[in-house]
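Worksheet: the structure to be examined is printed underneath.
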Amino acid sequence: MKVRTRFAPSPTGYMHIGNLRTALYAYLFAKKNKGDFILRIEDTDRARYVPDAVDFIKRTLKAANIVADEGPGIGGEFGPYVQSERMEIYKKYAMELIEKGAAYPCFCDDKREETANGEDNKFGGYNRACRDIPADEAKKRMENEPFVVRQKMPLTGETSYFDVLHGAISFNNEELEDQVLLKRDGMPTYNFANVIDDHLMEVTHIIRGAEFITSTPKHVLLYQALGWEPPAFIHLAPVMGKAADGSVSKLSKRHGATSFEDLANMGYLPEAIVNYVALLGWNPKNSTQEIFSMDELIEEFSLEGLSKSNSVFDYEKLGWMNGEYLKAMDSAKFSELAKPFAGDLGALEAEWEKIAALLKTRISRLDEIPAEIAFLKEMPPFDASLYINKRNKVTAEFAKEILPNVLELLETVPDNEWENDKLYEKLNAFITEKGYKKGAALWPIRISVSGKSATPGGATEILAILGKTESLARMKNSLQNLT
RNA sequence: GGCGCGUUGGUCAAGUGGUCUAAGACACCGCCCUUUCACGGCGGUAACACGGGUUCAAAUCCCGUACGCGUCACCA
C-alpha cells in the first residue's frame with residue numbers, strides 16, 4: 001500500500017517550530033517511502049479563524065522546502081482539502097453513526113451544565129441524559145431543535161491501539177466522554193473530522209503531537225463503528241523551551257522567537273532551521289552525522305530514530321548549525337543573503353564584498369552583522385585600555401612608539417596600492433626591519449583604526465576597507481588621544 | 001485530582017541483557033595555530049532519577065516511588 005501522510009494544521013497564522021517539525025517528519029516519512037504528503041487545513045473552529053493563515057502556512061512550508069503533493073491550491077483526488085468545505089461529508093457520516101447507534105443527538109442547552117450535587121462531575125458536568133431519548137423521538141426533535149451529535153462511548157471494557165513509537169496504549173472506556181462529533185453550528189470537531197478525513201484521504205500513517213494520545217482511543221472507536229481500518233499512529237513528544245530562569249516548559253512565545261518566520265527573520269537560514277529541527281527528536285541510525293540536506297534527511301529518515309521523550313529547543317546549537325551553513329556557503333551567495341542585514345553602508349557600499357568575506361566565518365546569525373560592522377561606519381569612542389594586550393605584550397607605550405612610524409609609512413602608500421595584500425607586504429617588511437613581533441605590532445594598528453578589541457578581519461583588512469583617508473584620519477586621532 | 005506518556009552529562013542524543021571503566025554533537029574549560037576575535041586542530045570536565053526485584057550478568061526486562069509532560073472543551 002502506498003504510504004500517505006498528512007500535515008493538518010489549523011489556520012492560526014503562526015507556524016510554531018514544533019508544528020514545523022511535525023510537518024517535516026510526516027513529509028520525510030512519506031518521501032522516504034515514495035509516498036504522498038498531504039496538506040489539509042483544519043478550520044472547523046470559526047472563532048479562531050485567521051483569514052490569511054492558509055497562505056501563511058503554504059509560504060512557510062515552501063520556505064522550509066517541504067512540498068505537499070496534495071492540498072488546497074495544489075489539487076489532488078481527495079479534495080477539498082479544507083475542512084470547512086467538507087461539511088456535507090461529515091454530516092453524512094454523523095447521521096450514519098446515529099443510525100448505527102454509535103452516536104446520538106444531544107439537545108442539552110449548553111456545553112457545560114453544572115451538576116447539582118457534584119456527582120458524576122467527571123465529564124465537566126455533562127451527564128449523558130440524551131442517550132436515553134428513544135430513536136424516533138430524537139429524530140423528530142432533530143427537525144425542530146438545535147442539537148449536537150455526541151459519540152456514544154462504551155461504558156465498560158477498554159480500548160487500545162498500537163502506537164508505532166510507544167507500543168500498545170490502552171484506556172478504560174469509562175474514562176471516555178461522549179464527546180461532541182458535530183457542533184451546534186454544523187461543523188465537525190477535530191476528533192470527528194480527523195477520523196473521517198484521514199480515512200477518506202487514505203492516510204496510512206498519522207504523525208502528530210503527543211497531545212492526541214489521549215483522544216486516540218475515541219478515534220479508534222469511531223473507526224470501528226464505521227467499519228474502517230485505523231491507520232498507524234505515531235505520537236511525537238513535544239518540543240520544550242527553556243525560560244530565562246532555567247525552567248523548561250512547552251515552547252511558546254515567552255521563550256523568544258519560536259516560529260519559523262521569527263527565526264528566519266533573525267537570520268537563521270531555512271535549511272539550517274529545518275536541519276536543526278529534524279534532529280530535535282530524531283536522529284539517524286548508524287551514523288553521527290548532523291549536517292543534512294533535505295535529500296539526505298529523506299534518505300536517512302526512519303520512525304525508529306524518533307525519540308519518545310521531550311526535547312528542549314536550544315538556540316545555542318541552532319546558532320552553531322547556522323554558522324556551519326554560513327561557512328559552507330558560496331561567497332557570492334553569502335554576500336547577497338547578508339546584504340539586507342547590513343543596513344545602510346554609506347561610503348562603505350563599494351567595500352561590501354570584502355566586508356562580507358570577513359563576516360562569513362564569524363557569525364552564527366545574519367542579524368549579528370550590524371553590530372559586527374558598526375565600527376566600520378563610525379569609530380567607537382576612544383578607549384586606552386584596548387591598547388593593552390598581554391599575550392602579545394602590547395602596551396599603550398608601545399602603541400605610542402610604533403604608531404607614528406606606521407603613519408609615516410602608510411602615508412607614502414599610493415592610492416592604487418591601498419589594498420590588503422600590498423598593505424600587508426609593506427607593513428610586514430617594516431615589522432621585520434624594526435625587529436618587532438608581528439602580532440604585537442599589528443595589534444595597536446588594528447585598535448587605532450577600529451576602536452574595538454575584536455573585529456572581523458585583521459589590521460590590514462580593515463585598513464583596506466576603510467580606505468587611505470579614513471584610516472589615516474582614525475589613526476592620527478587615536479594617536480592624539482593616546483598622548 | 002483521575003487517566004495516559006516519558007525520565008542517559010547543562011542541552012540534543014547513541015545505546016534494544018554481556019563488547020558500557022556509556023559514543024558523537026552543542027555549550028564550557030585548557031593547549032596549539034593565528035594579523036585581534038573567530039575559524040581550524042588536539043585534549044579535558046560532565047550522565048544511566050531513586051528503591052526493589054528477575055538474571056551468572058541490567059542503562060537495557062518487571063514492579064513501586066519521585067519528578068516532568070500531556071489530557072480531562074460545541075480548541076485543535
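Throughout, protein chains are lettered first and strands after them, A, B, ... in sequence-line order, and every chain is numbered starting at 1.
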For A:Phe382 and A:Leu482, which heavy atoms make the closest approach, and how far apart are they? CZ-CD1, 3.5 Å
Is A:Thr12 touching bases, backbone alone, or none of the nucleic acid, heavy atoms closer than 4.0 Å? nothing
Calculate the interatomic distance between A:Phe212 atom CZ and B:C69 atom P; express it in whole Å. 19 Å
Between B:C74 atom P and A:Asn194 atom CG, what is the distance in whole Å? 17 Å
Mate of B:G51 where both pairing distances stay under 3.5 Å, Watson-Crick or G-U: B:C63
Any idea which of B:A76, B:G70, B:U36 is nearest the A:Thr214 side chain? B:G70
Mind checking if A:Ser309 touches a base, just sugar-phosphate, or nothing, with heavy atoms under 4.0 Å? sugar-phosphate
Taking atom types as modelled, is there a side-chain donor on A:Arg446 or A:Thr455 under 3.5 Å from an acceptor on the other? yes
Compare side-chain N and O positions of A:Lys285 against OP1 and OP2 of B:G15 and report whether any pair is under 4.0 Å apart. yes
Aromatic plane relationship, A:Tyr315 with A:Phe313 - under 30° parallel, 30 to 60° tilted, over 60° perpendicular: perpendicular
Roughly, in whole Å, what's the span from CE in A:Met240 to P in B:G68? 11 Å
A:Gly323 near the nucleic acid: base, sugar-phosphate alone, or nothing, with a heavy-atom cut-off under 4.0 Å? nothing
Round to the nearest Å and state the distance from A:Tyr190 atom OH to B:A76 atom P. 10 Å
Distance, rounded to the nearest Å, where A:Asn172 contributes CG and B:C72 contributes C1': 14 Å
So, is A:His235 near the phosphate of B:C5, with a side-chain N or O under 4.0 Å from OP1 or OP2? no
Can you confirm if the aromatic rings of A:Phe192 and A:Tyr190 lie within a centre distance of less than 6.0 Å? no
Closer than 4.0 Å, any side-chain N/O of A:Lys183 to the OP1 or OP2 of B:C75? yes
Here the residues of residues 427-438 of chain A within 4.0 Å heavy-atom distance, strictly under, of RNA chain B are A:Lys438
Using whole Å, what does the distance between atom P of nucleotide B:C75 and atom CZ of A:Arg184 come to? 11 Å
Name the nucleic acid region contacted by A:Thr460, choosing base, sugar-phosphate or nothing; use a 4.0 angstrom heavy-atom cut-off, strictly under. base
Return no unless some side-chain N or O of A:Asn310 is found under 4.0 Å from OP1 or OP2 of B:C69. no
For B:C74, give the paired nucleotide (Watson-Crick: N1-N3 plus N6-O4 or O6-N4; G-U: N1-O2 and O6-N3; both under 3.5 Å), or none. none
Kindly point out which of B:G40, B:C74, B:C3 is positioned nearest to the side chain of A:Val148? B:C74
If we call it a pair only when both distances are under 3.5 Å in a Watson-Crick or G-U wobble match, what pairs with B:G68? B:C5
Any strand is fair game: report the nucleotide pairing with B:A58 by Watson-Crick or G-U wobble, both distances under 3.5 Å, or none. none
Roughly how far, to the nearest 0.5 Å, is CG of A:Leu386 from CD1 of A:Ile447? 5.0 Å
